[in-house]
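I have placed the structure first, in the form of structure tokens, so that the comments after it can refer back to it.
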Amino acid sequence: MTATDTNLSTKYDPKQTEAKWQKYWADKEVFKADPSAEGEPYCIVIPPPNVTGSLHMGHAFESALIDTLIRYHRMIGRNTLWLPGTDHASIAVSTIVDKQIKAEGKSREDLGREEYLKKAWAWKEESGTTIINQLKSLGVSADWTRERFTMDEGLSEAVKTAFVKLYEEGLIYRGNYLVNWCPASLSAVSDLEAENQEVDGHLWHFRYPLTDGSGYMEVATTRPETMLGDTGDAVNPNDERYKDYIGKTLTLPIVGREIPIIGDEFVEMEFGTGCVKVTPAHDPNDFEMGKRHNLPMINIMNKDGSLNENAGDFQGQDRFIARKNVVKKLDELGNLVKIEDYRHSVPYSDRGKVPIEPLLSTQWFVKIDPLSQKALGCLDNDNSPNYVPDRWKKVYRDWLIKLKDWCISRQLWWGHQIPAWYVVSETNNEIQDNTPFVVAFDEAEAENKAKEKYGNDIKLEQDPDVLDTWFSSGLWPFSTMGWPNETADLAKYYPNSTLVTGFDIIFFWVARMTMMAGHFTDKMPFDDVYIHGLVLDEKGQKMSKSKGNGIDPLLMIDKYGADALRYTLITKVVGAGQNISFDYDRKKKESPSVEASRNFANKLWNASRFVMMNLKGKTPQELGQPDKANLESCDKWILSRFYQTVKQTRSNIEKYGLGEAAKGLYEFIWNDFCDWYIELVKTRLWEDEGSTSRLVAQQTLGYVLNGILKLLHPFMPHITEEIWQTLTQAALLNPTNSEGTVQTLALQPYPEVAEDLINSELEQSFSLLFNVIGTIRNLRAESVIKPGEKIKVILQTDSEKEIKLLQSTESYIKDIGKVGELIITDSLEDPGQVTAGVTGTVQVLIPLTGLVDVDALKAKLQKKLDKVEKDIKSLSGRLNNPGFVNKAPENVIAGAKNDLAEAQKQAEIIKERLDRLK
RNA sequence: UGGGCUAUAACUCAGUUGGUUAGAGUGUCACAUUGACAUUGUGGAAGUCGGCAGUUCGAGUCUGCCUAGCCCAACCA
């Protein structure tokens with residue numbers, strides 16, 4: 001294909017083009033970062049998608065944002081790295097693998113750890129490959145040579161290093177605490193993995209008899225089965241009703257245990273009976289109270305949610321079966337007072353989809369306070385990291401303040417196995433709560449450590465549990481760069497420039513990264529945190545797997561092209577952090593918005609086709625830049641608009657206004673360049689070969705188009721590369737340039753602003769011109785004059801300035817307005833029968849040969865007059881108001897006076913026209 | 001219950017530090033189309049800016065209250 005080829009399809013076909021350039025970029029390693037190269041670094045690491053299947057629209061959105069930022073910074077000369085990768089997602093993938101083996105009728109234990117992990121890795125390979133391919137089909141300019149996975153060798157080393165260090169510093173401890181237990185996945189889960197759901201439940205009221213036989217205390221509960229583990233009963237010490245009971249004891253029904261009545265201010269006197277049963281082993285609040293009053297903790301439950309030996313007759317029953325049976329029993333015993341309907345929220349396990357059970361168990365914890373304090377310090381002292389938009393800073397800060405210790409152990413197999421080895425030979429060759437252990441980087445080191453303490457004759461067993469997924473993702477910004485080794489990447493690209501992520505994982509992830517980074521690298525992991533919103537479906541609802549209302553990004557890419565999808569997602573984001581809704585016709589599987597973006601791509605395609613056809617085989621380089629002295633006014637105008645657009649685009653991107661930047665480009669390309677400039681320049685292109693005017697038009701067209709492609713490239717990388725390569729013949733002429741750089745638009749410098757070519761006065765003149773043309777078109781349409789028919793037009797104005805301007809653009813008006821005879825005058829001779837309109841103070845008159853619909857014309861003029869008179873009234877009212885004249889700034893008053901004068905002039909013109917029609 | 005976000009044309013959304021005559025795209029209606037593009041062009045119609053009050057010479061924009069929707073957190077037994 002050459003630039004002279006006029007046989008380019010009239011339709012842009014994204015499919016072939018996108019695949020072609022993706023391959024080109026990959027083959028030439030265009031996006032491979034070089035830490036030793038020049039340039040201030042700019043680095044974004046991907047928020048690693050979970051290997052749980054495929055990417056959804058939210059990922060596409062986030063990737064489009066990141067890639068646009070990355071491509072922009074690369075083009076403005078920053079040393080850029082976009083590091084891709086995926087996350088192992090411990091619980092989520094375990095759930096998937098569990099399901100797989102359950103379908104085969106087996107259990108985790110049947111398979112054994114090794115076989116289980118093989119299956120998990122196989123799944124990871126499949127899902128990871130899908131995800132990476134999806135990212136590639138979006139055209140992201142990531143450095144694939146640096147692709148990472150949270151469980152690959154390097155990152156596993158980082159995880160072990162972090163764990164061992166934190167342990168040695170006393171920031172990791174093992175202890176018996178109440179944790180959120182998911183009986184479905186048989187693992188502890190974090191607070192964040194619990195999701196509250198409103199359920200219709202009951203509030204059961206029971207009577208517990210006083211041991212001395214003097215009466216009863218009434219308690220209420222939503223979980224009757226836990227009463228089997230009650231070790232106390234609490235009332236508020238200020239509660240007059242019960243004050244005197246404190247210190248007495250109750251006899252727990254069914255169980256027969258004698259439990260004390262304690263006073264604790266935690267108890268709300270107004271709620272229920274003002275009397276609370278205390279079950280320290282099965283409720284977080286009771287756990288705290290139990291600790292305060294030294295109550296025993298009796299665990300009545302097994303890990304699978306069934307009751308254990310402490311539950312007496314109820315042993316072996318599932319918690320929900322036991323609930324019914326306990327109630328029944330209490331009823332039989334006469335201890336059931338009443339059952340109330342009660343709507344309350346119950347924490348459900350995010351992954352297991354069953355109610356979470358607070359359970360006492362031995363787990364590993366990270367002491368959070370020293371870590372969160374450091375992150376808080378960075379935020380408060382250095383505003384680091386900087387949140388965009390600002391309001392998320394508060395959310396992040398509040399979270400850091402109220403953080404509790406972080407339970408990091410998970411009773412799963414898929415993940416980073418905890419680097420702790422138990423000296424099981426000390427406790428009958430099994431791991432017990434009191435089994436001594438050593439924490440070490442690997443088994444050999446563990447053995448050495450253990451032998452020092454327990455002698456040579458020992459047996460070790462590694463902790464079977466794995467770490468919370470977020471432990472490894474907390475290290476992601478630096479572990480991906482090679483930490484704990486001091487690599488060139490780490491030196492150059494860390495801290496990262498920007499983290500682009502959704503608000504939903506500020507707690508899960510962002511806060512953990514800042515804490516880990518603060519501790520291990522002594523700085524915050526990124527300068528800025530750019531928070532984006534969610535992609536909602538066509539009804540404004542969150543897309544989710546369970547609702548089945550997701551929209552497949554690949555389907556959209558297939559239908560409209562990756563550029564169109566990217567562009568749609570980006571133009572929709574206006575205020576940062578705002579959710580965006582994706583319009584979609586579910587039946588037809590079509591999206592009007594993406595279609596509009598596809599149309600925009602096609603418009604650019606055809607405009608480029610037109611330009612290339614008219615450059616007559618020359619590239620913009622060959623044609624050279626236009627000589628300033630020869631520029632005609634419309635050339636100056638489009639250049640002014642172009643540089644204005646460069647300025648706005650750059651400034652918008654710099655402040656994360658990607659949507660505004662994208663919209664600005666759309667308007668410039670479609671309205672200014674296609675609708676006006678190309679139209680204005682057409683007749684010059686039909687001129688003879690030697691014509692300077694023609695040459696300057698060609699040069700300007702080539703120059704501006706080249707600039708447009710660069711400006712738009714970060715947003716629509718494929719189509720711009722395709723057109724640019726055709727236009728400039730860059731890769732064909734010379735696959736690499738003199739410095740050995742690959743010829744690609746992606747590595748071209750982004751256009752710079754040329755302030756001296758921005759001319760706002762000229763732009764104003766052109767807007768008058770466009771208004772005049774608009775009025776002519778309007779009058780033609782209303783008078784049913786055929787669009788092609790050349791007509792006579794009289795433009796009348798008293799303003800000398802306007803006359804000059806109109807004269808200078810006479811040929812444009814004739815061309816575009818399809819005007820045969822154009823008279824520009826300041827005199828008001830009666831032209832006979834005309835149709836007329838007004839723009840500013842320019843009167844537009846079109847003499848009519850046929851019949852004029854006088855009534856229609858009058859009505860139209862009258863309507864305009866009404867509007868103008870309303871304006872006059874409002875403006876003069878204001879100017880007559882002493883308050884306004886005295887207090888408003890001068891320029892505002894001057895503006896109002898000006899507007900009033902113009903409106904009065906308009907009114908005068910319209911009135912005169914109306915008079916003539918009488 | 002607390003916090004946050006949102007409310008502007010039929011739909012999706014813009015609207016800078018208050019400056020008065022509120023914009024765009026989609027849709028809709030009319031007309032057009034043989035020298036880039038029907039994935040197009042030109043033109044038209046369409047809005048008491050959620051409600052009430054306040055500040056101000058002036059409020060879509062600032063303040064308060066209210067209403068509706070969404071999100072987060074706590075929701076206590």
Side-chain angles (χ1 to χ4, degrees), chain A residues 6 8 10-12 196 198 203-205 219-223 226 233-234 266-268 271-279 283-286 289 344-345 391-392 394-395 398-399 402 503-504 506-507 533-534 536 538 540-542 560 564 571-572 574-575 577-583 592-593 595-614 659-660 663 666-667 670-671 674-675 678-679 682 685-686 773-774 777-782 784 786-788 867-868 870-871 874-875 877-878 881-889 891-893 895-896 899 903:
Chain A
T6 53
L8 279 174
T10 58
K11 285 180 190 172
Y12 169 60
N196 288 319
E198 286 268 305
L203 196 56
W204 284 272
H205 291 249
V219 298
T221 180
T222 53
R223 297 189 299 150
T226 61
D233 184 71
F266 167 80
V267 180
E268 298 253 339
F271 189 89
T273 57
C275 185
V276 190
K277 65 193 256 324
V278 185
T279 324
D283 182 278
N285 294 322
D286 293 4
M289 253 195 290
H344 63 138
S345 65
R391 73 186 128 95
W392 295 110
K394 190 177 173 293
V395 176
D398 291 349
W399 171 257
K402 63 167 197 182
F503 58 79
D504 47 335
I506 291 180
F507 308 142
L534 263 38
L536 307 176
E538 71 277 12
Q541 290 181 324
K542 211 164 159 177
Y560 305 107
T571 40
K572 295 225 167 209
V574 188
Q578 216 68 282
N579 291 343
I580 61 172
S581 36
F582 197 96
D583 53 353
S593 302
E595 192 178 309
S597 302
R598 190 269 319 267
N599 294 353
F600 174 51
N602 196 58
K603 184 73 180 177
L604 174 67
W605 177 255
N606 277 295
S608 306
R609 220 160 58 87
F610 173 83
V611 172
M612 288 189 271
M613 276 162 59
N614 286 290
E660 289 86 342
K663 271 182 235 169
Y666 182 98
E667 278 163 22
W670 203 312
N671 302 337
C674 295
D675 289 349
I678 286 183
E679 293 306 321
K682 268 181 181 169
L685 296 169
W686 318 147
I773 292 172
R777 282 169 170 167
N778 180 332
L779 293 173
R780 293 182 73 118
E782 287 181 355
V784 201
K786 282 186 183 153
K867 189 171 169 348
V868 172
K870 200 181 129 203
D871 296 346
S874 138
L875 282 162
R878 203 172 339 140
N881 181 340
F884 176 70
V885 184
N886 292 334
K887 291 185 184 174
N891 62 327
V892 173
I893 297 173
D899 288 350

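Computed over heavy atoms, backbone and side chain alike; hydrogens, waters and symmetry mates excluded. Labels below follow one simple rule: chain letters A, B, ... track the order of the sequence lines, proteins then strands, and each chain is numbered from 1.
Across B:C37, B:G19, B:G41, the shortest atom-to-atom separation from the side chain of A:W670 is found for B:G41. Among the nucleotides B:A36, B:U40, B:U12, the one closest to any side-chain atom of A:E679 is B:A36. Checking B:C37, B:C5, B:G19 against the side-chain heavy atoms of A:P889 singles out B:G19 as nearest. Picking from B:U21, B:G3, B:G25 the nucleotide with the shortest atom distance to the side chain of A:K394 gives B:G3. In the set B:G19, B:C37, B:A73, the nucleotide with an atom closest to the side chain of A:K402 is B:A73.
At B:A36, one or more side-chain N or O atoms of A:K682 fall inside 4.0 Å of OP1 or OP2 (strictly under the cut-off). The phosphate of B:U21 has OP1 or OP2 within less than 4.0 Å of a side-chain N or O from A:S874. Neither OP1 nor OP2 of B:G25 sits under 4.0 Å from any side-chain N or O of A:S593. Under 4.0 angstrom from either OP1 or OP2 of B:G15 there lies no side-chain N or O belonging to A:K663.
A:F266 comes within 4.0 angstrom of a nucleotide base, judged by non-hydrogen atoms across all strands. Looking at heavy-atom distances under 4.0 Å, A:T279 makes no contact with the nucleic acid at all. Among the protein residues, A:D871 comes within range of the nucleic acid bases, having at least one heavy atom under 4.0 Å from a base atom.
An aromatic stacking contact links A:W686 with the base of B:G35, defined here by ring centres under 5.5 Å apart and ring planes under 30° from parallel.
With sequence neighbours excluded, no residue forms a side-chain hydrogen bond (donor to acceptor under 3.5 Å, both in side chains) with A:N671.
With both pairing distances under 3.5 Å, B:A7 is matched to B:U67 as a Watson-Crick or G-U wobble pair.
Counting atom types as modelled, A:R777 pairs no side-chain N or O with a base atom of B:U42 as donor and acceptor under 3.5 Å.
Two residues, A:N778 and A:R598, neighbour RNA chain B, and the one matched to the more 5' nucleotide by heavy-atom proximity is A:R598.
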